[in-house]
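Take a look at the structure below.
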Amino acid sequence: MKKIIVAGGGLAGLSAAVFLSRENYPVTLLESSRKLGGRAYSAPVRFIPAAGNSEIPELEIDNGQHILMGCYDYTLSFIRIIGSYQKLFIQKRLSVEYTDERGASHTLRERALIYPLGLLQGILSYSYLSAAQKLRLLFFLSKLPFIDPRKYDGKSVTDLLSKYRQTGKIYSGMWEPVTIGAMNSQPEKADAGLFIRMLKQIFLRDGFSSRIIVPAVPFRELYTADSESYIQKNGGEVIKGEGIKELLFNENRLTVIRTDKRDISDFDTLVLAVSPFSLSKIKGMEKVFPDGLPEFEYSSITGIHLALKEKGRREGFTGFVNSPLHWVFYKENHISCIISDSDSLINTEPEEIYKLALKELIERGLFKPSDFMGYKVIKEKRATFIPDSSNLSKRPVLKTPFTNLILAGDYTDTALPATIEGAVKSGVNAAEFIAGRPLI
Ligand SMILES: Cc1cc2nc3c(=O)[nH]c(=O)nc-3n(C[C@H](O)[C@H](O)[C@H](O)COP(=O)(O)OP(=O)(O)OC[C@H]3O[C@@H](n4cnc5c(N)ncnc54)[C@H](O)[C@@H]3O)c2cc1C
């Protein structure tokens, strides 16, 4: 059996390693850092005490609360294989509560009818929109099956939404959360072709696809620990704290993988599942990309995590319309506020960002300052690449000029935005390429 090395313990690398392990390939996964998960990690963090509070015990938080969707086929299959499906909170029907600038709550809730009738009735009852706006939204959704995404490749989401008059409150209460949330990008930049493909997957397949799924436990419990034990149980190994530094080639084959600890030459194939930024630090990559490494433009995501004094009263999550905050997720001992596409905050002090979040939470009547013991702000500068036409054209395919070197990662050409599903799909694609057959 071919011996496979997977470099990178994010979702792309872990899913490649898990699917290959299931096929009995001997897999060694090398992760340069001390923890698995890549950008989707969880870790215990120390909170900064808010005024009037003293030391706060460490709490485990996710790096930015992640949302999954029912249409994440690859991810759900991966989660099932490692035995973690029951650790997901899966909505029974699509339901999203929004709070507006007056603090009023509006819920878009699919009703208990055959899909899509339940969604239609949910939209008709959505109090954020006027009757005319609801009709415009339904008109657009009724056209969606007939919109050819190829005609919109290279155009912006704004172009598309303006054409179908999905502006004003329809945009803020429906499409902004989707564009900013799933594409981490402003609609003026995000590619409309990709957006349409995504909407078709969410709304045109079945009721399950549009359901929102959130991890019920931190990422470590959800998938990193279970992936590691799955790989080990199947005879593979997971090595943390060992990263690839250089790749050496002979003709059309990769022959030596040089890590910061040793040279590895007894392998058949390397799945390189690291981000493009990390690729640029590996010697020898200029041979893999003779025309130059793809240079993506990124947008950031900021997570503001607030430690609760008392066990949380709320469950699930709330979307914010017309607010610098986009989502707030409620946990037992903390809440996580998410600001997507947050490059404007990169140089802002964490305390200022905390105050900004607090102000929004208070003004919308969700919390009072005394509810919190402290805060932790995490800015992820290169959270995802911006899915505009220029960046999309730079996405490499998994095959390289070297027959035993394969690329994986959310930046590769998966036809999906840089998401959990994109990362896992790239990992499964890499495993399928090695196995020579579909694995899902
Ligand atoms: C804050 C935040 C919120 C997000 N929210 C969502 C969301 O709600 N829904 C969603 O679907 N997606 C979301 N995403 C996107 C999602 O997290 C990413 O698309 C996905 O995690 C990328 O996985 P990856 O394996 O491709 O890359 P990475 O996670 O970057 O993994 C690469 C791994 O390679 C390791 N590595 C680097 N160099 C080397 C080397 N030389 N040798 C060995 N290992 C190396 C790194 O340490 C890392 O562990 C979010 C991302 C962020 C940052």
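All figures in this text were calculated on a predicted structure; none of them were measured in a lab. Order of appearance sets the numbers: ligands from 1, and atoms from 1 within every ligand.
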Q) Cation over ring, Lys35 on Tyr41, under 6.0 Å and within 45°? A)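 Satisfied, under 6.0 Å and within 45°.
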Yes or no: does [X] have any heavy atom under 4.0 Å from an atom of ligand 1?
X      : answer
Tyr41  : no
Gly303 : no
Gly422 : no

Q: Please write down residue, atom name and distance for the protein heavy atom closest to atom 8 (O) of ligand 1.
A: Ile67 N, 2.7 Å
Q.
To check your reading of the model: name the closest protein heavy atom to atom 45 (C) of ligand 1, its residue, and the distance in Å.
A. Ser32 OG, 3.2 Å
Sidechain-backbone polar pair: [X] side chain, [Y] backbone, donor-acceptor under 3.5 Å:
X      : Y      : value
Glu110 : Gly118 : no
Ser336 : Phe329 : no
Thr28  : Glu237 : no
Asp260 : Glu242 : no
Arg197 : Leu416 : no

Please work out which of [options] has its closest non-hydrogen atom nearest to [atom].
atom                    : options                       : answer
atom 37 (C) of ligand 1 : Ser278, Ala418, Gly38, Gly427 : Ser278
atom 21 (O) of ligand 1 : Ile338, Leu30, Leu11, Val214  : Leu11
atom 39 (C) of ligand 1 : Leu416, Leu279, Val274        : Val274

Q: Return a yes/no value for Ala12: is any of its N or O atoms, backbone included, closer than 3.5 angstrom to an N or O of ligand 1?
A: yes
Q) Where does the angle between the aromatic ring planes of Trp327 and Tyr98 fall among parallel (under 30°), tilted (30 to 60°) and perpendicular (over 60°)? A)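 Plane angle between 30° and 60°, so tilted.
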